[in-house]
Amino acid sequence: MSDRDERGGAGASAPPRDCTVLSLAVADGALWAATDAGLWRGCGGIWQLWDTPPATPIVSAFVRAGDEADGLMLAAGVIGGVQYSVDRGAHWYEAWVDEVTSGVTCFTVSPRFAVDRVVLAGTEQDGVLRSIDGGRRWRLANFGLTGYTILAIAAPLEWGRREEVFAITEEGIYRSPNGGRAWQRADEGFVGAAQALAISPWFAADRTLYLGCEGAGLYRSIDAGRSWHLRSAKLRNVNSLWIAPDDPQLLVAGTGDGEIMRSTDGGADWEYGWAGPDAVLALAEHQNTLYAGLYQGGLLMSSQRGTSWHRSIER
Amino acid sequence: MAIPEVLLGLAARESLMRGFDTLARLLAITLGPAQRTILATSYQRAMPEALGEAATIARRFVAPPDSAENIGAMLLRNLVWRQHERCGDGCASAAVLAQSLLAAADRYQAAGFDLVALRRGIDRAVAVATAALRRAARAVDGEDDIERVALAMCGDPQMSPLLAELFVLLGADASIVVESYTAPYLEREYLEGGRWKARLASPYLAGQSANRMLLGAPRAVLHDCSVALFAGTVQSLEELRLLLEQVAQSDRRRLLLVAQNFGEPALTTLVINHQRGLAQIAAVELREAGERRRRDFEDLAALTGARLLAADRGDRLRDVASESLGRVRRAEATDRDLAIYGTRNSGHVRARVAALRTHLAVAADEAEQSELRARLGRMANGTAILKIGAASTPERELLGARAEQCVRALPLALRDGVVAGGGSAYLFAADALGGLEASGAERLGVEAVRRALEAPLRQIVANAGKRDPAQVLAELRRRGSDWVYDGVADAIVRVDECGMLDAADVLCEALQAAASGAVTALTTEALVLKRAPETSFAP
């Protein structure tokens, strides 16, 4: 067993079947699952319960920033605060955070992190936090926001002329043209309550974004959020969206009703991949396997990019 | 008292024209993308000052030796400065237009044509040309378009994207402060919410978190708190008793109390309540005085939904009702300012923003405009700081002046649209004068304006120094109004390809200011010179 394996907690089973998976992230050659049963690290079909950052008993959001050599990881707790690790999770340090009262719900990392060291975090009630030093210090960056409950925040894989970032709040959709320094509404043509966001991997060229809603519909924008159009009314209550990094037409959506659906034509038509009782909260791909994190349902996996799904094997 | 010298008739006009021309020639050098820089000696420092912006050059141009010529120069200087105050741009154009118009009209006047009819012709031609410019304007749409307009105005590819970003995020009524920056690059900072000049009444009301050490100045932060506003001095415990009881009984138990002043007993009461944890309190004193403080209180009342209690109206804090309390999502107070966040979109705020915009549209005074923009910023959009950094101080100053100019001129482009730049719009506005019916001296007045409208383009071509202006004019007329002369590339190009655009309103204002100045000079028949003329440092 390597040093890193020794740092992991006891047991080599998958996350419990009844745990709630709050977020999924790929880091350090492994898939990380932030659950109410702790932080889990999965690699090659082997799962380990990882040492949770001491000040963050339940990790609500997790992200890796920088390249593999960087070793920087960020974790945030349900209760509040952000922890960072510079040695791939061996040791955790508490970051300085502007005075906020609510927990962090999501992270996104600048596509130019190696240069600008910018990371953004969405909070439950206090808006957006922005760090310009790789997660060590966080300041509120709410200029232009009127809704402070951040449901999702995402940056494209690559920035073009402008440093565009998108955020969904309880009040609407916001676009930042400057790497999260300030925000403006970007929901012309959109009706409903957005919950999930996916950005095309070729965003710099095709300017395409997808929005999943609480009610009916999947919306698409092909002008970087300036205007939105209903793409499909078939989907309902979309909680999570995943878009293939090598194919902008391939989308997978997880709903609050426990369905996982797949589209191969940029969201126009959808086919069922899974139907279960547990809401789908997170989607992520690791080593050609797609994972879905469920509310009180553990993890699902698909080796066919969402065509069919099965439960991860407990070991 | 010394008897003043009086110059009459031709002698007066010749002196006036000479002074007018001297300054106009200086300002003309700065017109166009291939503008030249002027180095001027400075009283304050040994190093000469690099000047590239017409308004600054005009401001530095003080008292040439001949007092009669000085009057002509000061007439143009005043005209240019008014253009700068109104638009922040178009100063060199105004000077070139005025010089050309005056030269042509003066020849007609010297030939004995009727001055009144000449003037009537000028006025009618200016009105027609202005209307033609406004008709030719197209709206500015989207961030890329704003960036092109900004680039045409400032000529700086690093600054124009930042300006576009600021105006896209903050709108045409943006409250933008231009500041010097120590780093050798440009940066921007966004100040969310409304900010007031204020101070936390006691450092003991500041937060006790570890963050405080990192931030330096004591800071009180309240989340989701009640707000009470009292325009007066809070003196005693009795005045606060009811208010504190109401806050202690409420769910939130957090209070932002803003007043003019706090007396020692009242402040002690607040600090004790705060430290004992009965309620989290931030007591804040507004730092402005007089009318400004009253407006600050009114803006705070609109933003927070609190009723303003004013001592001079007989209101007493001890009678405060729970309905008089407002509410904000987040408030931060330091020893320098009070910041309020998360209060927008109420009907009160929208009404107040609309009223402020109406005031701003008619405000002529620069200071008043600036104050209204600042108030709009804190009520509607927030404030942004454009930080100007450069490798050297002269470069930083030059960039700063350019940024200031754009920050003032861009809103006009956003409101009234843009036209082809580089003097092209003036050239084609002159075509509209062809349909103007006039005869005799009035016709000559129209002709003087027509010739003047060609002058900016001629000057831009001359400044580029690569072609004959007449040849460029003929080529542009042949191609049409979508084409402009690019002095840097020495090419005639389509407007949408090169992005050379000017704010229509700036061009209209420059033409009107030039006509006004030229007519004043034209109708001058006598100059009165004091023996010891007072030098005016006011523009």
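All chains are named by letter (A, B, ...) in the order of the sequence lines, taking the proteins before the strands, and each is independently numbered beginning at 1.
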Value rounded to 0.5 Å, distance of CZ in A:Arg161 from CG in B:Asp144
5.0 Å

If you draw a 6.0 Å radius around CD in A:Glu158, do more than 12 non-hydrogen atoms from other residues or ligands fall strictly inside?
no

For A:Leu230, I'd like to know if atom CG has over 12 heavy atoms of other residues, nucleotides or ligands within 6.0 Å.
yes

A:Pro177 and B:Glu165 have their tightest heavy-atom pair at CG-CG, 4.2 Å

Do the non-hydrogen side-chain atoms of A:Phe143 and B:Leu170 ever get within less than 4.5 Å of each other?
yes

Does A:Ile132 CD1 have over 12 foreign heavy atoms under 6.0 Å away?
no

Gap separating the CD atom of B:Glu332 from the CG atom of A:Asp98, nearest 0.5 angstrom
6.5 Å

Please evaluate residues B:Glu187 and A:Arg181 with respect to the criterion salt bridge (Lys or Arg N to Asp or Glu O under 4.0 Å), reporting the C-alpha separation (whole Å), side-chain torsions for both, the decisive distance (0.1 Å), and the verdict.
CA-CA 11 Å; B:Glu187 186 52 282; A:Arg181 288 177 176 89; 3.8 Å; yes

Answer whether the closest heavy-atom distance between the side chains of B:Arg330 and A:Leu140 falls below 4.5 Å.
yes

Inspect the contact between B:Glu189 and A:Arg139 and indicate whether a charged nitrogen and a carboxylate oxygen are less than 4.0 angstrom apart.
no

For residues A:Val100 and B:His223, report the shortest heavy-atom separation together with the two atoms involved.
CA-CE1, 4.2 Å

Can you tell me how far the CG atom of B:Leu169 sits from the CG atom of A:Asn178, to the nearest 0.5 Å?
6.0 Å

